[in-house]
Amino acid sequence: MSSSSDRFILRGQTWAFVGDPFEVGPDAAVSHHVDGAVVVAGGMIEDVGPAASIIARRPDWPIKHYGDALIMAGFVDAHVHYPQVEVIGAYGEQLLEWLNRYTFPAEMKFSDPDYAAGAAELFLDQCLRNGITSASVYCTSHPQSVDAFFSAAQKLGLRMAAGKVMMDRNAPDQLLDTAQTGYDQSKTLIERWHGMDRLSYAVTPRFAPTSTPAQLEAAGVLWREHPTCLVQTHMSESLFELEWMRELYPDAPDYLSVYERYGLVGEGANFGHCIHLNSREIAALKASGSGISHCPTSNTFIGSGLFKMNELREGARAIPIGMATDIGGGTSFSMFGTMKTSYEICQLRGYSLHPAKAYYLATVGSADVLRMGDKIGNLKPGHEADMIVIDLKSTPLIAARMGHANDLWEALFIQVILADDRAIRATYSGGRKLYDRCASAALA
Ligand code: GUN
Ligand code: ZN
């Protein structure tokens, strides 16, 4: 039973998904109330509907009025590196040089638990300011970086997935584990954190080039021993990476086959990037139930390539896809900016990503990839009350442009193209308001 203090109503425009827009089309996929209300009790969404009837049935409940602002589910970031905030916008390199020159040196600092704790706090603050309420997070190879992240997320009551990067070759010595220590440390962290409050563990071999076959084997064993954990890794991001993978795994017919060989493919596996897949890999991914994290701002910034959304997500037997910032290869914490770059990438491939589909990927889609789709990612009764309030007129330009918006889709697409963190008016997680733009500090 919830007490009266954790029961309240949010009033504003509400919208939620009632179907998959890739399957049923945009209009049939959503439920939208211009004057709507969300009922929250005990950290859960109890009801969503037209404000008049919702409020009439609960005459004594406190109401927070958000006017014509839009209330929706919090964004879910399907792939992000919390230790890489400090390399956002690192100039001039493509993937492998970018890792060596910027990323690995930054990750070395996370041997210091205090440094990691500060970085985790900064990262989560930025997530909440941008309306990201859940994420699948890469830590570093230091177990203390995982403790720091989960401790910070637990304190805020967030639903988060994260894991220790496993990496036993082709990186600086200070960052390397071994097949055995990577397994042992990951197992200890799983026992400490997986299923604790709202936290999930993701077994995290960085990618095939930085793991020996023995380490991938150990990661597969770990997943079989803890099948409710997730797996996250990178795959087929850049053509140079693909060449390197072929040298390191000369017997493998393609990239996915490496992960298949070690039992790292299936429902709950989350492959970042997936730009240069061949037709066998696409068919095998479709059959496997694995998910893909689409990382648009990272792919353009690092110069990796153009994701094939149409081929991977449209039609029968689509692959589950989540939207991801991939900070710090990615350049923006904003899901609006991330969806904008995704739209632009799709345009360059001759496909127009409808806003219904972009928002779906950034909420329900990501939640499904993280096996959390029954708990978060949508504004519906029975889901946890992870919600954001979007100010649809957050800048003078957006306000002016909104004067010419004819329907919900145009309003949402204008946000994709023009909005940033200023559009996030409030962020709730588990029914608690953790960010309010009008308050001076996040993490209230
Ligand atoms: N591939 C392996 N590690 C990384 C990483 O940290 N970022 C990106 N974008 N790609 C990777
Ligand atoms: Zn990544």
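We count ligands from 1, going down the list as the structure has it; atoms in each ligand are counted the same way.
At a 4.0 Å heavy-atom cut-off, ligand 1 touches L95 through the side chain alone.
Residues R101 and E93 are paired through a salt bridge, judged by an N-O separation under 4.0 Å between the basic side chain and the carboxylate. Between R198 and D386, at least one side-chain nitrogen of the basic residue sits less than 4.0 Å from a carboxylate oxygen of the acidic one, meeting the salt-bridge criterion. Ion pairing between a basic and an acidic side chain is recognised when a charged N comes within 4.0 Å of a carboxylate O; E107 and R206 show such pairing. Using a 4.0 Å cut-off between charged side-chain N and carboxylate O, D20 and R313 make a salt bridge.
Among all protein heavy atoms, the one lying closest to atom 7 (N) of ligand 1 is W98 CZ3, 3.5 Å.
Annotation: F123 is in aromatic contact with F333 [ring centroid separation under 6.0 Å]. Proximity of the aromatic rings of F150 and W193 is defined here by a centroid distance below 6.0 angstrom, and this criterion is met.
Any N or O atom pair closer than 3.5 Å counts here, and D326 shares at least one such pair with ligand 1.
Within the protein, the number of N/O/S atoms found under 2.8 Å from the Zn ion (ligand 2) is 4.
Summarising the contacts of atom 5 (C) of ligand 1 with H79, M235, H81, the nearest heavy atom is found in H81. For atom 6 (O) of ligand 1, the candidate residues are H234, E241, R206; the nearest heavy-atom contact is made by R206.
Applying the ring-ring contact (aromatic ring centres under 6.0 Å, His included) criterion to H226, with sequence neighbours excluded, gives no partner residue.
Side-chain polar atoms of S200 and H194 form no donor-acceptor pair below 3.5 angstrom.
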